[in-house]
Every structure is written in structure tokens, then in C-alpha cells.
Amino acid sequence: MKILVVGSGGREHAIAWRLAQDEEGHELYCAPGNAGTAAIATNVAVAAEDVEAIAAWATMNHPDLVVVGPEAPLVKGLVDALQGIGVPAFGPVAAGARMEGSKRFAKEVMNSAGVPTGKAEVFTDAAAAKAALPSFGLPVVIKADGLAAGKGVIVAETVEQAEDAIDDMLVGNKFGAAGAEVLIEEFLHGEECSILALVDGENAVLLPSSQDHKRVFDGDKGPNTGGMGAYSPAPVVTADRLPEIKEKIILPVVRELKKRGIVYRGVLYAGLMVNDENSNPHGPVAKSGSAVNVVEFNARFGDPETEAVLPRLGGSFATALLHAATGQLKDEDVVVKDEAAATVIIASGGYPGSYEKGKEIRGIGNGEWGTGDCIVFHCGTKAADGKILTSGGRVLSVTGMGATLREAVDKAYAGVAKISFDKMFYRKDIAHRAFDRG
Ligand code: AMP
Ligand code: GLY
């Protein structure tokens, strides 16, 4: 197949890499891609968010499939545009991407569909929001309705912190239009995990469970990042939970969207809080009464979860994505290998705050990292003068594979040890929650 992957991060490198593993072989393009995708695909110099330019490229080049990585082009209607010119596209239409783009919309859909999630109320007025705080107790979660680059969620431990967050969003306009509506949400106790489901408008197939590491420092300390590592499977999701997650969370959402006239195709990513005797930590039961609650939905593959989940998939990945994009998904389309995977993100010093770019990366060779039990995905890199330079906060995603999670983690860190650039850093405790449980 001729396939265009839209995006330029570790997730898109992993998608392109996994497509390149398909036995049938594909002609791969990435828009715009990065130094890593350049080794396995043809990079097309078009920005991921430039809906018109990507549609124009598709009109000229007739791809069999376009796979959209990031949320921004989905929210901007890239899939609607591609459908309009008859090009199969993997990803939801803009109306479906609101599951990620608007937390209020996602809550409405969940409530209509009876999906367990934290109790929440929506406010546009700061005084009314503050007056409602006592009914939520502490901690309490304050969320901007729209996309705020991962910074629009404040878990407040005190009333003062909660009131400050409300003022920042509703009075100080900190997130602009994205924060013009605010959700106050019940704090959910437990351990988080990610479930990525392929969806074809009607049916869904769950990909293997994973867990990411959002905080920047070891021991889950410091500010939130886009993700500092991931592993799969996540033992907090016991096998008996998977059918429940599909039947009570994923499918009801897909059906509710369909009722609203939205045919949702692509990935539905459920960020879940699991609160049972197996979760670490666990605490008071949520108001929904359920042990598994939705924290958020995303309309795309997670990053870095994708770098840990896709290497575990067998079979033809392109067929699975095409079947999802065209309403023909079957359980057999997803084949899971009985292996574990762990991904370590190598970041630029200073991330998630300000950091320098343009540092030469040593030890990543010339693309021979795409095989075997350690794979290096590029997240923020740029090729220049025969060198590979850093060009982002998250720079590389190093995935190890093994028969056990311990083996996978060791393989990943053995790979990391060979790589260096000025001021690089990474977390040394990836998968600690899985190991903590013994
Ligand atoms: P979100 O962008 O909604 O995923 O929120 C970012 C992070 O905030 C989540 O990954 C959780 O760690 C935390 N969070 C969000 N909502 C809640 C909640 N209701 N209870 C506890 N933690 C939450
Ligand atoms: N790893 C979290 C996300 O992709 O949103």
C-alpha cells in the first residue's frame, strides 16, 4: 500500500516503523516526519497541521491510506477533508476529535452513555465555580475545557490552589479560549493506565494495555511532561478487566457518538484510573461506584505509549488501520505478541521548561536500530550536515523488547547507555509501578 503518516514525533516514527515491518511491504511517506522517519519513509515537507496542503498532496499522489498521528490536524478537520476527496484516512473526523478537544463534550458523551467517570460540573463564572468547590472535597481537579498543551489540568490539594486555578483560567485568561469554560471534577484515587482501542465506527478492538510516566523526575516527582516513558503490558489492568473496559467504556462511547451522527474511526484512547486491590495506590471508591473510571479520552495514539505498544503487534498493521478507517475492523486484525516492551524517553536538559536545541546526538548510528530487541524512535531530531541534532524537548524514544518486563527494561536502558548528547537526561525508573508490586 501507499501510505502517508502525518506528524513528526516518536509516535509517528513508531507508526511508520511498524508499517515498515509488515510482510507485504509498503511505500511510506511522512508529513513532515523527522530524521528517524527519513530512514524508512520519504519525508514530505508539509506541516502536520496544514490541512489544505496535505489534502492537496493526497489529491496528487493517491495514497491508499493516510494515518493521522497528532490531535491538532484531527481537530482541524484533516480527516473530513480527506474523506471529501475519497482518500481513506485513519483518525476521527473533527466532530469525533472533540472527545479530546473538549473535556465538557467528552463528559456529556460519557454521562449520556453511562460510562463511569469522575463527577464534574462546568463553569464560566469564577464566583460560581468557587462556590461549588466545597461539594467536591479535597483534592479536587480543575480542568480547562479545551486543548492547553497538557497544562490545562490542575490537581489542587488546597482550596487556595483550586481558587487560583479557577482565577487563572476564568479571570486571567491563562489558556485563552481553551480555558473560557472550566470543569471542576471529583479526584479519582488509584493507578492510571492507557487503553488504546482501534475503532471502525461501530466495532472496536483493544490494543495491549500500557502505562506512561507523566512526571519529569524519578519517583513521579516534578512537573508533568508529554510522557517520559511507557511500558506494556500494564499489570494494573488484569486480563478480566479488558472485556469490561470494551463493553462498558469504549463501545458505549462509540454508540453514543453514532447516535449523535458522528461515525468515529481511528484510535479511541482511554486514560483510565483503576482503583482496586491490585492498583498501587488505591483509595476511596469513586462516586460512580466503579473500580475503573475514565480520566480522559484522546482521539489518537498516545505518545510515548505507541512506542511501547506497536512493537508488540504482529500481523499486518496497515490492514488493521485500513479496516478501521473503512468500517471493516475484525478481532483478527490485531495480533499481539507474547512479549513485553519498555520505552525510555531521552530528553533535553530543562524540559518540560525551556531547553537548548541543535546538540549533536552520538551513538544512534545510521538507522541500524530498527531491528532486534532495541529500537530507537526519533521524537525531536533534525538531520544536518550528516549529523543528527536535537530539535525538541523529547528527543529520542528507546524501546526494549523481552520475554519479561524486566528484560525489556534492561534492553531499553542498555540502548540508552550507548547514546549521548550535551545535557541529555532520562528517567531511570521506567515501569517502577509494575516492579513495585513484586
Ligand atoms: P488529563 O489531561 O485529563 O489526562 O489530566 C492530566 C492528568 O491529571 C491525568 O493523567 C491524571 O494524572 C490527572 N487527573 C486528571 N483528572 C483527574 C481526576 N479526576 N482524578 C485524579 N487525577 C486526575
Ligand atoms: N502519553 C499521554 C498522551 O499521549 O496524551
Side-chain angles (χ1 to χ4, degrees), residues 103 106-107 110-111 114-120 133 135-143 153-158 161-162 183-197 206 208-225 227-250 252 269-298 302 305 308-309 340 342 404-406 409 427 429-438:
K103 292 187 192 290
K107 247 339 153 192
M110 283 189 271
N111 289 339
V115 169
T117 182
K119 183 178 168 286
L133 280 174
S135 69
F136 284 86
L138 289 171
V140 61
V141 187
I142 313 295
K143 297 186 172 184
V153 175
I154 310 299
V155 178
E157 304 285 343
T158 65
Q161 283 172 2
L183 279 77
I184 303 185
E185 186 173 297
E186 167 193 7
F187 179 83
L188 299 164
H189 295 267
E191 182 175 347
E192 288 184 79
C193 68
S194 305
I195 294 289
L196 313 179
L206 269 48
S209 66
S210 58
Q211 187 173 64
D212 87 346
H213 297 60
K214 292 202 166 105
R215 304 294 199 98
V216 69
F217 299 127
D218 286 5
D220 297 319
K221 304 263 170 24
N224 268 333
T225 68
M228 292 299 292
Y231 64 96
S232 174
V236 64
V237 190
T238 45
D240 57 310
R241 290 272 182 221
L242 290 170
E244 175 194 337
I245 290 167
K246 180 171 170 179
E247 297 301 328
K248 297 199 170 149
I249 293 175
I250 302 292
Y269 162 144
L272 302 175
M273 191 69 82
V274 181
N275 186 25
D276 62 16
E277 59 289 342
N278 183 47
S279 67
N280 175 24
H282 60 99
V285 179
K287 293 205 171 72
S288 69
S290 174
V292 181
N293 285 279
V294 175
V295 175
E296 62 161 345
F297 278 112
N298 292 319
E305 289 96 324
V309 169
T404 62
L405 191 56
R406 174 60 71 188
V409 167
R427 276 184 64 161
D429 64 346
I430 296 308
H432 72 95
R433 280 182 203 276
F435 298 135
D436 287 351
R437 67 184 66 237

* **Side-chain H-bond candidate by donor/acceptor type, D218 with H432, under 3.5 Å** => no
* May I ask you to test the V292-E244 pair for a side-chain heavy-atom distance under 4.5 Å? => yes
* To do: Apply side-chain contact (heavy atoms from CB on, under 4.5 Å) to K287 and list each qualifying residue two or more places apart in sequence or on a separate chain.
  => K119, E186
* Look only at the side chain of R427 and the backbone of R215, and say whether a donor-acceptor pair between them is shorter than 3.5 Å. => yes
* Asked: Looking only at heavy atoms, which two atoms of P252 and V115 are closest? And how far apart?
  -> CB-CG2, 3.9 Å
* Does the side chain of R241 reach to within under 4.5 Å of the side chain of L272, using non-hydrogen atoms? -> no
* **Audit row: D429, H213, side chain to side chain donor-acceptor pair (under 3.5 Å) steps and yes/no** => CA-CA 9 Å; D429 64 346; H213 297 60; 5.5 Å; no
* **Shortest non-hydrogen separation from G302 to Y269 and the atoms involved** => CA-CE1, 3.4 Å
* Structure fact -> Correct closest heavy-atom pair for P235 and N278 would be O-ND2, 3.1 Å
* Does any non-hydrogen side-chain atom of R433 lie less than 4.5 Å from one of P281? -> yes
* Asked: Is the shortest side-chain N to carboxylate O distance from K107 to E185 below 4.0 Å?
  -> yes
* Of all the heavy-atom pairs spanning S279 and G190, show the shortest one and how long it is. => OG-CA, 4.3 Å
* Separation of S232 OG from D212 CG (nearest 0.5 Å) -> 12.0 Å
* **N293 side chain to S288 side chain, donor-acceptor N/O pair below 3.5 angstrom** => yes
* Using the side-chain contact (heavy atoms from CB on, under 4.5 Å) rule, pick out the option among H282, R437, M273 that qualifies with E191. => R437
* To do: Answer yes or no: is there a side-chain heavy-atom contact under 4.5 Å between V153 and E296?
  => no
* Asked: Would a distance-only check, ignoring hydrogens and angles, find a side-chain to backbone donor-acceptor pair under 3.5 Å from S194 to Q211?
  -> no
* Non-neighbouring partners of S209 that pass side-chain contact (heavy atoms from CB on, under 4.5 Å), sequence neighbours left out -> I195, P233, A234, V237
* To do: Could you grab the distance from atom CG of L133 to atom CD1 of I142, nearest 0.5 Å is fine?
  => 5.5 Å
* Asked: Can you tell me how far CG of N111 sits from OG1 of T117, rounded to the nearest 0.5 angstrom?
  -> 7.0 Å
* Asked: How close do A431 and V409 get, heavy atom to heavy atom, and via which atoms?
  -> CB-CG2, 3.9 Å
* **Under the side-chain contact (heavy atoms from CB on, under 4.5 Å) test, residues paired with H189 that sit two or more places apart** => F187, N275, P284
* For A120 and L183, which heavy atoms make the closest approach, and how far apart are they? -> CB-CD2, 4.3 Å
